[in-house]
Number of protein chains: 2
Amino acid sequence: MPQAIAVDLQDCGDCPIRHRAVCARCETDELERLDQIKYYRSYEAGQTIVWSGEPMDFVGSLVRGIATLSQTMEDGRTQMVGLLLPSDFVGRPGRRGAAYDVVATTDLVMCCFRKVPFEEMMARTPHIAQRLLEMTLDELDAAREWMLVLGRKTAREKIASLLSIIARRDATLNLRAQDAKIVFDLPLTREAMADYLGLTLETVSRQISALKRDGVIVLEGKRHVTIPDFERLLDEAGDDSDGGFLS
Amino acid sequence: MPQAIAVDLQDCGDCPIRHRAVCARCETDELERLDQIKYYRSYEAGQTIVWSGEPMDFVGSLVRGIATLSQTMEDGRTQMVGLLLPSDFVGRPGRRGAAYDVVATTDLVMCCFRKVPFEEMMARTPHIAQRLLEMTLDELDAAREWMLVLGRKTAREKIASLLSIIARRDATLNLRAQDAKIVFDLPLTREAMADYLGLTLETVSRQISALKRDGVIVLEGKRHVTIPDFERLLDEAGDDSDGGFLS
DNA sequence: GTGTTTCTTTGATTCAGATCAATGGATGTA
DNA sequence: TACATCCATTGATCTGAATCAAAGAAACAC
């Protein structure tokens, strides 16, 4: 059982629930009610936050760190079905148990709400259900985009797709200037990337080496990535557009 | 542009919106308001109902027939990302355009609501957003389950997974007795199955032949399928459980 | 009937990625 | 310093599914 550890965040300003998950159109008193039922939890890298099938008594959003959602077959084959970055929502109002394992990839901090009070509040506050619906539709779009990656792309395209998604999310999160060079640290091991892409870790390693050799990416060490030409990367990913990310 | 054709449905009892999509907990007057803004549309097999990226001015649910959601790359590779059977909801309240192509696989009938009035009603009626959130979470689970199929299963397991999903949905829809022999007609061509499974149509054909040879399924003609032992099929699919379908 | 189209099956061959196997850094620690 | 441990790379070989190619079966038109 993961153990909860108290965290001190000075200000709710850090809590993405306030900004993205729930409150885009909320009134002040709703914010206050949310504040009253929220609490923080932290987990260490490698800890499983929730096991697939187990009851989950909270919902919340990721404040710091990286988590993954994954499904595993009896024989050990696993497929990652989601990557959670700060500001992402975790949990399913109205559902009993978790549908997949949620695992902390790095040390992380979550802002949580006990499920019952949150659901009561949701019932009283139409905006919240609407906001969650919007977010869930976004997740559904992302999952379906990933189905195209898994079903139809080559290993090289898969790697390029993953890198472009991480680069995009990183840039959005850090409000980077649009024309700045894209630089980031890979938040995943080769094995985790393989689980996300439906490949083996050897294939991931080989394709990363190939992209590096061809100048699509620049690697310093094993994790630090620079993208000299984002359009080029998108091209390698087989994407027909940049999703409005670049001008 | 698909042309709308008037359809006569005797009774709203046929309209799954009433039963599943929206109204599980609705009051009578909400049902009446929904009735006032709804209309029917029919499409012929092969028609594209919505093109990816185009504006979509309605939402609705499938009354009769089969439709598919799919994404296509510039070079023609396509991946089906969803299979719509009667009672499934189509459209995304709060969104401008469609994210994927929606194509009628058979002749079909939809029960539609113009988007703006539907959204207005949603804003006034908290139950509707909550019901749609539940449905969207179901779709998200299904999409993520499919990611495991696409990323980690073998061709044979993929075919068995697809057959078990169709069998399950068919049984649920037709309220078949749990112990009845499962018999249905495949609603998809081999090519469509291939697009769903991330395979080629030749591989689909070969694996279906293999499952038939091994007695996992019985085929009459090209489409009519009998499942003599559903547990066996699930086993071939690599599923660890039957999802509560059988006792 | 004969052709035409659409869907499907089956066979032969190729190839991308898996698997098996070593080796190469980092980092930590006794 | 030696020696684990963890993560990543690279090489050799194998294999499952793709690709290339042909032919069968059903539905429909003329």
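Throughout, a chain's letter reflects where its sequence line sits, starting with A, and its residues are numbered from 1.
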Side-chain donor/acceptor pairs under 3.5 Å, residues 97-106 of chain B, sequence neighbours excluded:
| unit_1 | atom_1 | unit_2 | atom_2 | d |
| --- | --- | --- | --- | --- |
| Tyr100(B) | OH | Asp141(A) | OD1 | 3.0 |
| Tyr100(B) | OH | Arg144(A) | NH1 | 3.0 |
| Asp101(B) | OD1 | Ser52(B) | N | 2.7 |
| Thr106(B) | OG1 | Ile66(B) | N | 2.9 |

Side-chain donor-acceptor contacts of residues 145-158 of chain B below 3.5 Å, not counting sequence neighbours, with atom names and distances?
| unit_1 | atom_1 | unit_2 | atom_2 | d |
| --- | --- | --- | --- | --- |
| Trp146(B) | NE1 | Tyr196(B) | O | 3.0 |
| Arg152(B) | NE | Thr78(A) | O | 2.8 |
| Arg152(B) | NH1 | Leu199(A) | O | 3.0 |
| Arg152(B) | NH2 | Ala194(A) | O | 3.0 |
| Arg152(B) | NH2 | Asp195(A) | OD1 | 3.1 |
| Arg152(B) | NH2 | Leu199(A) | O | 3.0 |
| Lys153(B) | NZ | Ser161(B) | OG | 3.2 |
| Lys153(B) | NZ | Ala237(B) | O | 2.7 |
| Lys153(B) | NZ | Asp239(B) | OD1 | 2.9 |
| Thr154(B) | OG1 | Glu157(B) | N | 3.2 |
| Thr154(B) | OG1 | Glu157(B) | OE1 | 3.3 |
| Arg156(B) | NH1 | Glu236(B) | OE1 | 2.8 |
| Arg156(B) | NH1 | Glu236(B) | OE2 | 3.0 |
| Arg156(B) | NH2 | Asp214(B) | OD2 | 2.2 |
| Glu157(B) | OE1 | Arg77(A) | NH1 | 2.8 |
| Glu157(B) | OE1 | Thr154(B) | N | 2.9 |
| Glu157(B) | OE2 | Arg77(A) | NH2 | 2.8 |
| Lys158(B) | NZ | Leu197(B) | O | 3.0 |

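Evaluation of the ring pair (Phe, Tyr, Trp, His ring centres under 6.0 Å) test over residues 200-223 of chain A, restricted to residues two or more places apart or in two chains, returns none. Sorted pairs that involve residues 198-229 of chain B and meet ring pair (Phe, Tyr, Trp, His ring centres under 6.0 Å), not counting sequence neighbours, are lacking altogether. Sorted by first and then second residue, the ring pair (Phe, Tyr, Trp, His ring centres under 6.0 Å) pairs involving residues 65-85 of chain A (not counting sequence neighbours) form an empty list.
The outermost nucleotides of DNA chain C lying under 4.0 Å from heavy atoms of chain B, listed 5' to 3', are dT8(C) to dA12(C).
Remark: C1' of dA18(D) and CG of Asp75(B) are 15 Å apart, rounded to the nearest angstrom. Rounded to whole Å, atom P of dA21(D) lies 12 Å from atom CD of Glu202(B).
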Residues Arg41(B), Tyr39(B); criterion side chain to side chain donor-acceptor pair (under 3.5 Å); working and verdict: CA-CA 7 Å; Arg41(B) 255 187 183 197; Tyr39(B) 58 99; 4.6 Å; no
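Positionally, the nearest nucleotide of DNA chain C for Glu191(B) lies more toward the 5' end than for the other of Glu191(B) and Arg206(A).
With sequence neighbours left out, Thr200(A) forms a side-chain hydrogen bond (donor to acceptor under 3.5 Å, both in side chains) with Thr203(A). Here Thr189(B) pairs with Glu191(B), Ala192(B), Arg223(B) under the side-chain contact (heavy atoms from CB on, under 4.5 Å) rule; sequence neighbours left out.
The residue Ser205(A) sits close to a base: some heavy atom pair falls under 4.0 Å.
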Could you list all N or O pairs between the protein and nucleotides 14-17 of chain D that sit under 3.5 Å apart?
| unit_1 | atom_1 | unit_2 | atom_2 | d |
| --- | --- | --- | --- | --- |
| dA17(D) | OP1 | Ala155(B) | N | 2.8 |

